[in-house]
2 protein chains.
Amino acid sequence: MKRSEITKQKILAAAEKAFAEKGLYGARVDDIAEQSGANKRMIYAYFGSKEKLYVAVLERVYSRIAESEKELLNKETDCVEAIRRIIRHSFDFLYEDPSFVKMVMWENLNQGQFLKESEAPQAKGISVELLRKVLRQGIEQGIFRESVDIEELIVSINMFCFSYFSNIYTMGQIMQTEFSGRAELDKRCEHITDIILQYIVKEQ
Amino acid sequence: MKRSEITKQKILAAAEKAFAEKGLYGARVDDIAEQSGANKRMIYAYFGSKEKLYVAVLERVYSRIAESEKELLNKETDCVEAIRRIIRHSFDFLYEDPSFVKMVMWENLNQGQFLKESEAPQAKGISVELLRKVLRQGIEQGIFRESVDIEELIVSINMFCFSYFSNIYTMGQIMQTEFSGRAELDKRCEHITDIILQYIVKEQ
DNA sequence: TGATAAGATAACTATATAGTTACTTACTTG
DNA sequence: CAAGTAAGTAACTATATAGTTATCTTATCA
């Protein structure tokens, strides 16, 4: 790998950490330079501005979920099992990749403005597409209720998965519990899978 | 009202707007002073520091939800209707009070550190308490399934309500739709009420 | 009414920060 | 291997920002 590419990657890694932690405004260019081991000058040489570096981080982070969701496409299973797998996959991904969660939250607080700026068109949404397909199939096969509103349900599933990770602190306060462990995660994943399946599967 | 009290309130109002919009790091003390019409000196006289002002805003914002949820306590209804009302109330509150949503999101990104600092003990949680009571009653009365995990379900309900407002931008991108209107809101509220009731109510 | 203290103001300071410039070192290839 | 180009460095600049100081204004009650 070329030296410049190595430096770019080091900068991106440090920037991701900084931006995920403190956001665009809170992160400091000097910190990013120091943490990356690169010189501040190179940040401007390669990325142009703090804001453009932020967008580059955003794209990098989004590309990871797209990559990760590809593995959902391989296996053929019945539609109930497919729903289970998609939810499980989402939980595992979000658990393993806290930076993704944080960057999405920043983006929501920024009214999605930097995601809009981004070149990356629709890296987003393999799992959404898959859910659509599976839900349609399930209905056709008579396994899922016809009255299910597919689009609303996809939103529900996504929010169920994401918000467990995004609202972990305030939810912990409200419920007076800790949510950080693996055990709580598994329990939660099963719980929401139950809720979703109970809602869509006919006559159990 | 004393002059000092008026100034305090003007500062708090401007600070809430600024902090909700841009967070602790992004907001500027000079802007808050200008927007409030008060002098910057008074911010430090009354609140001590930018950070303490932020905490004061956080408390103010949290006190509103506590106040709002009091009205849930009056009416006596059956437990199914109570669940409907609590969800509806939550949706309406979050819709009317976007600053609350944003401040909670900032707090989650700050790892809940300023909420911890806050003096305000448990202004949080009237609806949580009420949900506990209603769910227990429903189970005792044989209307709700005994196997329902009350604590998990409360988390689910809260997340369903909150995340619709907190993730509106990225969700809009993923689903390629707009979510901002009243109509979408009502539809969503009904949808999640359906999901929750389907999950907890016995033999429909 | 006028002394006194609370409330408000504008101008100031030290520092932190995004972005730049002038310069040096390392790599590549004719 | 020479020479040009790509990569990297350190010191610098202009500005923005949190917090302060010295000073003035206004309300209140003896």
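Because only heavy atoms are used, hydrogens play no part in the values below, and waters and symmetry mates are left out as well, while side chains stay in. A note on names: the letters A, B, ... follow the listed sequences, proteins ahead of strands, and every chain is numbered from 1.
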Whole-Å gap separating [atom2] ([N]) and [atom1] ([X]):
| X | N | atom1 | atom2 | value |
| --- | --- | --- | --- | --- |
| A/Asp30 | D/dT9 | CG | P | 15 Å |
| A/Ile32 | C/dG19 | CD1 | P | 11 Å |
| B/Gln9 | C/dA8 | CD | P | 13 Å |
| B/Asn39 | D/dT20 | CG | P | 14 Å |
| A/Leu24 | C/dT17 | CG | C1' | 13 Å |
| A/Glu51 | C/dG19 | CD | C1' | 14 Å |
| B/Ile43 | C/dA8 | CD1 | P | 12 Å |
| A/Asp31 | C/dA18 | CG | C1' | 13 Å |

Do B/Lys40 and C/dA10 have a side chain to base donor-acceptor pair shorter than 3.5 Å?
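Donor-acceptor pair under 3.5 Å: no.
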
Shortest side-chain distance from [X], nucleotide among [options]:
| X | options | value |
| --- | --- | --- |
| B/Val29 | D/dG8, D/dA18, C/dT20 | D/dA18 |
| A/Tyr46 | C/dG19, D/dG8, C/dG7 | D/dG8 |
| A/Arg28 | C/dA18, D/dT21, C/dA22 | C/dA18 |
| B/Tyr44 | D/dA18, C/dA18, C/dA8 | D/dA18 |
| A/Met42 | C/dG19, D/dG8, D/dA18 | D/dG8 |
| A/Ser4 | D/dA7, C/dA10, D/dT17 | D/dA7 |
| B/Lys50 | D/dG19, D/dA10, C/dA18 | D/dG19 |

Ring centroids only, cut at 6.0 angstrom: are B/Phe91 and B/Phe165 within range, meaning strictly under it?
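So the answer is yes for these two rings.
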
Taking atom types as modelled and ignoring hydrogens, do the side chains of B/Ser127 and B/His89 form a donor-acceptor contact shorter than 3.5 angstrom?
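No - no donor-acceptor pair under 3.5 Å links their side chains.
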
Taking for each residue the nucleotide of DNA chain C bearing the nearest heavy atom, is the 5' side occupied by A/Tyr25 or by A/Arg41?
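On the 5' side of the pair lies A/Tyr25.
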
Can you tell me if B/Lys52 has over 12 outside heavy atoms packed within less than 6.0 Å of its NZ?
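No, NZ of B/Lys52 has 12 or fewer neighbouring heavy atoms, counting only those of other groups under 6.0 Å.
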
Does A/Glu178 have more than 12 heavy atoms from other residues, nucleotides or ligands lying within 6.0 Å of its CD?
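At most 12 heavy atoms, drawn from other residues, nucleotides or ligands, come within 6.0 Å of this atom.
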
With sugar-phosphate meaning primed atoms plus P, OP1 and OP2, does A/Ala33 contact a base, only sugar-phosphate, or nothing at under 4.0 Å between heavy atoms?
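Counting heavy atoms under 4.0 Å across all strands, no contact is made by A/Ala33.
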
Strictly below 4.0 Å: does A/Ser49 bring a side-chain N or O up to OP1 or OP2 of C/dG19?
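The answer is no; no side-chain N or O of A/Ser49 sits under 4.0 Å from OP1 or OP2.
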
Can you tell me if the side-chain N/O atoms of A/Thr7 get under 4.0 Å from OP1 or OP2 in D/dG8?
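A/Thr7 to D/dG8 OP1/OP2: side-chain N or O found under 4.0 Å.
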
CA sep, side-chain torsions, deciding dist, call: B/Phe160, B/His191, ring-ring contact (aromatic ring centres under 6.0 Å, His included)
CA-CA 10 Å; B/Phe160 253 158; B/His191 171 76; 7.3 Å; no

